[in-house]
Amino acid sequence: MKITALMVLKCSGDGVTDPIILANASDVSQFGYFQRGGVKEFILFVGRTVAKRTPTNQRQSVQHEEYKVHSYNRNGLCALGFMDDHYPVRSAFSLLNKVLDEYQKNFGDSWRTIQSDVAQPWPYLNESLTKFQDPAEADKLLKIQRDLDETKIILHKTIDSVLARGEKLDSLVEKSSDLSAASQMFYKQAKKTNQCCTIL
C-alpha cells in the first residue's frame, strides 16, 4: 500500500476552467531517476483532470492500471490522493477529509481569492504523505480492527500453549485446591448434561 501524491485544488465547478493547485506533495522515489519528472507532470495533469470532473460535494475514485485517484470536492475545495490499488478506499477518503479540514483550519477561506497555482510547499501535506502510508493511521476503525485481530491471535496462542503442554481442563479442575467439592461436582454435572444434549 502506497500513497504517491496528495493535492489540494480550487475547483470552479463549471467543468470547463482548469482547477488551481493550492498545495501539492508527491513521493516518486519508487520510479526511476529519469522518469520522476515525467511522473510528476503526469500527476499534475491527471489531478487537474479528475478534480475538474468531480462534482461539488461529491467523492469519486478513478482507476488506472494498478493505481487509483481518489477525489473529494467539498464546496469547491478539492483534495486528491494518488494511491496504489491496495490502499483501502475508506482510509483514502478519511485521509482526504482530514487534509481538507486541516487546510481550512490553516488558511480559512483565503483559497477562494487565489487565481494561479501556488508553488509554496505546505508542510502538513508532506507530513501526511509520510504518516498515512499506513492506512490504519487515516482510519481509526481499521486501526481498532487490527488491534483486535492481534489480541485475538495472542489469545489463541495462549490457549494453544496451555493445551500443547498436555494439560486438560478436566485434570486442572480435579487438581485445583481453589475449587470446592460443590464447584467440582457442578462442573462435572454440567459437562455430562451438555454431552447428552448434543444436536447432530
Side-chain angles (χ1 to χ4, degrees), residues 1-135 137-140 142:
M1 291 179 266
K2 174 110 175 104
I3 303 173
T4 304
L6 292 172
M7 299 173 73
V8 179
L9 299 97
K10 173 188 173 185
C11 298
S12 63
D14 61 9
V16 178
T17 311
D18 273 345
I20 296 168
I21 296 172
L22 303 173
N24 180 16
S26 60
D27 175 16
V28 292
S29 58
Q30 75 264 25
F31 297 100
Y33 181 77
F34 295 108
Q35 295 175 324
R36 292 178 186 172
V39 169
K40 285 183 179 181
E41 289 174 3
F42 186 72
I43 287 171
L44 293 177
F45 168 74
V46 171
R48 283 189 209 270
T49 305
V50 171
K52 185 193 302 187
R53 289 169 173 76
T54 302
T56 305
N57 297 320
Q58 295 285 320
R59 297 174 180 175
Q60 73 174 353
S61 297
V62 178
Q63 179 145 6
H64 177 67
E65 294 175 5
E66 71 270 9
Y67 293 98
K68 278 189 180 174
V69 180
H70 301 285
S71 174
Y72 178 28
N73 184 339
R74 187 198 295 162
N75 298 321
L77 186 62
C78 188
L80 273 93
F82 290 75
M83 292 132 183
D84 68 8
D85 197 25
H86 303 293
Y87 201 90
V89 174
R90 190 174 73 199
S91 298
F93 284 115
S94 179
L95 167 59
L96 296 180
N97 197 39
K98 285 179 187 184
V99 166
L100 289 176
D101 287 345
E102 194 66 28
Y103 190 87
Q104 292 218 284
K105 189 168 87 174
N106 286 329
F107 301 105
D109 282 340
S110 64
W111 61 272
R112 294 185 186 276
T113 59
I114 296 175
Q115 298 301 318
S116 62
D117 290 349
V118 177
Q120 183 178 359
W122 180 34
Y124 176 81
L125 209 55
N126 291 317
E127 292 165 11
S128 295
L129 189 64
T130 306
K131 179 180 178 185
F132 296 115
Q133 292 295 334
D134 178 12
E137 290 295 324
D139 187 2
K140 296 301 177 194
L142 187 65

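- Between Trp111 and Asn75 the shortest heavy-atom distance is CH2-O, 3.4 Å.
- Two residues are said to be in side-chain contact when any heavy atoms from C-beta on lie closer than 4.5 Å; Asp101 and Arg74 meet this criterion.
- Side-chain atoms of Asn126 never come within 3.5 Å of backbone atoms of Ala25 as a donor-acceptor pair (strictly under, hydrogens ignored).
- Taken from CZ in Phe107 to CZ in Arg112, the straight-line distance is 15.5 Å, to the nearest 0.5 Å.
- Residues Val62 and Arg53 are not in side-chain contact: their nearest non-hydrogen atoms beyond the backbone lie 4.5 Å or more apart.
- In this structure, NE2 in His70 is found 12.0 Å from OG1 in Thr54, a value given to the nearest 0.5 Å.
- Side-chain contact check for Leu44 versus Asp117: every heavy-atom pair is 4.5 Å or farther apart.
- Nearest heavy-atom pair, Lys2 versus Tyr87, reported as atom, atom and distance to 0.1 Å: N-CD1, 4.5 Å.
- Ala92 approaches Met83 most closely through the heavy-atom pair CB-SD, 3.6 Å.
- Panel note: side chain Arg48, backbone Pro19; a donor-acceptor pair is recorded below 3.5 Å.
- Counting only heavy atoms from C-beta outward, the side chains of Ser61 and Phe93 approach each other to under 4.5 Å.
- Crowding of Lys68 atom NZ: a count of heavy atoms from other residues, nucleotides or ligands under 6.0 Å exceeding 12.
- In this structure the side chain of Gln35 never reaches within 4.5 angstrom of the side chain of Phe42, judged on heavy atoms.
- Contact detail for Val99 and Val8: the closest heavy-atom pair is CG1-CG2, 3.6 Å.
- When all heavy atoms of Leu80 and Ala51 are compared, the pair lying nearest together is CD1-CB, 3.7 Å.
- Within the model, atoms SG of Cys78 and CG of Leu100 stand 7.5 Å from one another, a figure rounded to the nearest 0.5 Å.
- Between the OG atom in Ser116 and the CD1 atom in Ile21 there is a gap of 11.0 Å [rounded to 0.5 Å].
- Taking each heavy atom of Leu6 and Leu129 in turn, the nearest pair found is CD1-N, 3.9 Å.
- Interatomic distance, CG of Asn24 versus NZ of Lys40, reported as 8.5 Å (0.5 Å rounding).
- Here the side chain of Asn73 pairs no donor or acceptor atom with the backbone of Gln58 at under 3.5 angstrom.
- In this structure, Arg36 contributes its side chain and Phe31 its backbone to a donor-acceptor pair below 3.5 Å.
- One distance of note links OG of Ser12 with CD1 of Ile20; it measures 8.5 Å at 0.5 Å rounding.
- Screening Leu77, Leu125, Leu9 for a side-chain contact (heavy atoms from CB on, under 4.5 Å) with Leu22, the sole residue that qualifies is Leu77.
- Residues Tyr124 and Lys105 fail the side-chain proximity criterion, which asks for heavy atoms closer than 4.5 Å.
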